Colleague: 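Have a look at the structure that comes next, please.
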Amino acid sequence: MSNINNDKNGKEFKPFVSADQVLPEMTPVAIIVGIILAIVFGAANAYLGLRVGMTISASIPAAVLSMGIIRVIMRRNSILENNMVQTIGSAGESLAAGAIFTLPALFMWAMENKEIAKPSLIVISVIALCGAVLGIIFMVPLRTALIVEEHGVLPFPEGTACAEVLLAGEEGGEKSKIVFSGLGIASIYKFVADGLKLFPSEVHWEIAPLKTGFGMDVLPALAGVGFICGKEISAFMFAGGILGWFVIIPLISLFGLDSVVHPAADPISQLGSFGIWKNYVKYIGAGAVAAGGIISLLKTLPTIVKTFLKTIKGFGHKEEVVTRTNKDLPSKVLLIMALVIIITIVAIPAIPVGIIGALCIVVFGFLFATVSSRMVGLVGSSNNPVSGMAIATLLLATAILKATGHTGFAGMTAAICIGTIVCIIACMAGDISQDLKTGYIVGATPYKQQIGEIIGSVVAAGTIGAVMYLLNEAYGFGTQELPAAQASLMKMVVEGVMHGTLPWGLVLSGVGIAIMIELLGLPVLPVAIGLYLPIHLSAPIFIGGMIRWFFDRKLSSKDEEKKKKAKRAADNGVLYCSGLIAGEGLVGILLAVFAVVKVSGGQTIAEKINLAKEGQDAFLGNVPGIIFFILLSATIVLFAAKKSKVKEKSKED
């Protein structure tokens with residue numbers, strides 16, 4: 001396994017499965033299991049992203065679950081089959097990330113103005129599918145230049161880590177049990193908290209002396225996100241929350257007195273901590289997030305220019321000998337697919353982008369697909385500045401549409417549609433780059449992976465609209481239950497450019513905070529997101545991050561045995577927390593179904609079985625909520641510290 005990155009130019013690299021070997025790969029079993037995981041992780045990430053403003057990578061959990069199902073339960077033994085499952089499964093997460101960061105803005109406009117119709121399920125699916133397939137099409141010709149010729153130069157962290165997991169397949173059964181355990185525990189916990197309402201899923205206390213409040217959402221997904229992100233990111237997010245709730249809110253309360261200050265309609269003294277956050281701090285946070293996204297994009301500008309020029313030079317480069325392990329989808333097929341998609345985008349009236357918008361999609365989409373593919377190779381998917389790309393696209397697209405006479409709601413809808421497609425393109429290009437890197441290491445067939453990615457995209461595109469409709473009907477986008485942070489920000493950006501309705505003083509103060517954070521040498525986006533979201537989300541994330549830090553401390557130890565244990569704890573914890581996130585996401589969607597679907601007597605399922613009634617108080621108070629969260633956190637510690645039952649085998653180079 002140590003030969004994964006042992007050469008610099010890739011020409012002497014030998015994959016785990018050689019080109020002349022033929023193993024089961026794109027089998028019906030792999031496709032079906034991959035589709036199921038695409039739905040599961042797509043839906044779970046949609047819920048997570050709308051609630052917290054970020055998503056998690058699905059590749060490694062999908063690979064582990066694949067090995068548990070295919071290798072252990074079905075007794076099938078093909079690493080290429082497992083790789084196909086994770087390729088299809090991870091497509092759902094990437095498409096969901098691109099869609100939920102923008103499309104909910106259309107729902108929020110419809111909620112604000114009853115004359116505006118919500119986008120239909122078909123329109124959402126078509127927009128999502130067009131973006132996903134374009135992202136794949138734009139990336140495929142770059143595979144040789146980025147994956148093959150720069151093997152050993154571009155690390156592709158998630159793709160390489162996923163290959164490591166697949167190559168260590170003998171532990172798949174045990175590791176998959178950890179994921180399933182997290183999924184089961186989180187499902188029960190979420191159902192008891194938000195379904196039966198035995199204890200509150202959000203605890204809150206008003207702090208009168210400081211004229212503010214504090215609390216946290218005691219839910220599994222948030223602790224899981226914190227563990228996966230680690231101490232630094234979670235601490236920066238919590239710092240943003242502290243800045244908002246223990247600095248800005250008390251100051252506004254102190255100086256506001258009985259004044260009514262736009263955009264609030266009531267005096268500041270009557271708003272309470274949540275009211276001040278919603279009317280003032282949220283806009284400051286939005287300015288900080290927007291500035292953070294643009295700063296991250298500007299910082300990578302030299303890399304972007306260099307990447308684009310370098311990739312264009314190697315664009316369409318073909319390896320001399322076509323073998324199983326270097327065969328891509330034919331260029332003619334890709335070109336025809338791209339033309340069909342562009343014509344579809346222009347022709348469908350419900351996607352009002354027109355020819356100008358279609359040109360914006362092609363130009364920005366190809367640019368950011370190229371940038372995204374290389375950026376994930378350098379810094380990984382988690383640090384890929386997709387938010388900055390989306391904001392830049394929306395700023396330019398909205399300005400172009402306004403200048404060409406496309407104003408009002410129609411112009412804003414067109415801008416969101418353009419931004420959505422470009423955002424999905426960037427997310428999908430980054431995802432397939434990581435998947436193709438994994439495939440290159442294990443010896444997969446590229447064109448089969450590319451077809452698998454398209455299959456996953458079709459399934460996820462068909463699912464995402466239904467998930468968004470359910471969540472919107474049950475909770476509403478932009479509410480406390482589903483803040484839809486990124487989409488709310490994109491909505492503000494488009495409105496601000498189109499007709500200047502934003503409280504620019506608050507937004508620009510957020511920009512100033514972002515610049516200050518950057519000058520201090522700290523990462524802007526995590527702090528800005530913590531400022532933009534309620535502290536109730538960043539507090540449990542911080543606790544999850546501190547649990548991760550407890551284990552990570554020993555990674556710097558000189559004792560190899562301690563380092564091994566710390567690494568194993570981190571791996572186990574990430575798998576368990578991925579299960580926690582998936583479990584909460586799925587039950588959250590199930591509860592949304594219960595809250596929306598009506599049965600006999602005109603009652604919803606939730607009302608019929610006394611679940612999730614609006615305004616229903618929890619049977620137990622805040623303190624039991626904290627106790628249950630402590631017990632949940634203890635399960636993370638237990639599963640992270642779980643010892644492997646599989647004896648380590650010696651690995652030869």
Side-chain angles (χ1 to χ4, degrees), residues 36-37 39-41 43-45 47-48 51-52 55-58 60-62 64-65 67-69 72-73 171-203 216-229 234 537 539-548 550-551 568-592 594 611-612 618-620 624-645:
I36 293 169
L37 293 182
I39 294 171
V40 169
F41 284 107
N45 267 295
Y47 175 83
L48 179 68
R51 188 165 178 82
V52 187
T55 58
I56 61 155
S57 174
I60 292 176
V64 170
L65 289 175
M67 289 186 290
I69 296 168
V72 178
I73 297 175
E171 294 183 27
E174 184 186 348
K175 290 189 173 183
S176 65
K177 286 178 186 175
I178 296 175
V179 181
F180 279 120
S181 297
L183 195 150
I185 289 171
S187 298
I188 296 169
Y189 187 104
K190 175 73 173 176
F191 189 78
V192 170
D194 284 344
L196 300 176
K197 289 188 174 290
L198 179 62
F199 60 91
S201 60
E202 179 185 281
V203 297
M216 59 188 213
D217 289 6
V218 289
L219 288 170
L222 301 176
V225 167
F227 189 95
I228 291 171
C229 291
S234 59
L537 297 176
I541 289 173
F542 176 67
I543 290 171
M546 293 307 291
I547 295 173
R548 174 68 177 268
F550 174 77
F551 291 105
R568 186 178 65 231
D571 292 344
N572 287 346
V574 166
L575 293 174
Y576 179 70
C577 290
S578 297
L580 290 181
I581 291 166
E584 182 184 328
L586 294 178
V587 173
I589 292 165
L590 179 66
L591 292 176
F594 287 172
L611 290 178
F619 296 126
L620 303 175
I626 294 292
I627 292 171
F628 276 102
F629 187 73
I630 291 171
L631 294 174
L632 175 76
S633 301
T635 67
I636 299 177
V637 176
L638 289 174
F639 277 92
K642 184 179 174 66
K643 293 182 180 179
S644 175
K645 294 178 183 177

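The structure displayed is predicted, hence computed values, not measured ones.
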Colleague: Are any side-chain N or O atoms of Asp194 and backbone N or O atoms of Lys190, one a donor and one an acceptor, separated by less than 3.5 Å?
Modeller: no
Colleague: Are side-chain heavy atoms of Tyr47 and Val587 found at a separation under 4.5 Å?
Modeller: no
Colleague: Would you say Tyr576 and Leu638 make side-chain contact, with heavy atoms under 4.5 Å?
Modeller: no
Colleague: Would you call Val218 and Pro540 a side-chain contact if the rule is heavy atoms closer than 4.5 Å?
Modeller: no
Colleague: Hey, what do you get for CG (Leu631) to CD1 (Ile185), rounding to the nearest 0.5 Å?
Modeller: 11.0 Å
Colleague: CD/Glu584 to CG/Leu591 distance, rounded to the nearest 0.5 angstrom?
Modeller: 10.0 Å
Colleague: Looking only at non-hydrogen atoms, find the nearest pair between Leu632 and Pro220 and report the distance.
Modeller: CD2-CA, 3.4 Å
Colleague: Do Ile636 and Leu580 have side-chain heavy atoms sitting under 4.5 Å apart?
Modeller: yes
Colleague: Search all heavy atoms of Ile581 against all heavy atoms of Ala44 and return the closest pair with its distance.
Modeller: O-CB, 4.1 Å
Colleague: By side chain to side chain donor-acceptor pair (under 3.5 Å), which residues pair with Asp217, not counting sequence neighbours?
Modeller: Arg51
Colleague: Taking C-beta and beyond as the side chain, do Ile547 and Ser633 meet within less than 4.5 Å on heavy atoms?
Modeller: yes
Colleague: So do Asn572 and Phe551 actually touch side chain to side chain, heavy atoms under 4.5 Å?
Modeller: no
Colleague: Are the side chains of Met216 and Phe542 in touch, meaning some heavy atoms are under 4.5 Å apart?
Modeller: no
Colleague: Output the distance between atom CG (Leu65) and atom CG (Leu183), rounded to the nearest 0.5 Å.
Modeller: 8.0 Å
Colleague: What are the two closest heavy atoms between Ser234 and Gly545, and how far apart are they?
Modeller: OG-CA, 3.3 Å
Colleague: Looking at Phe227 and Ala569, what are the two nearest heavy atoms and their distance?
Modeller: CZ-O, 4.0 Å
Colleague: Can you tell me how the ring of Phe199 sits relative to the ring of Phe628, calling it parallel under 30°, perpendicular over 60° and tilted otherwise?
Modeller: parallel
Colleague: How long is the span from the CG atom in Leu537 to the CG atom in Leu219, to the nearest 0.5 Å?
Modeller: 9.0 Å
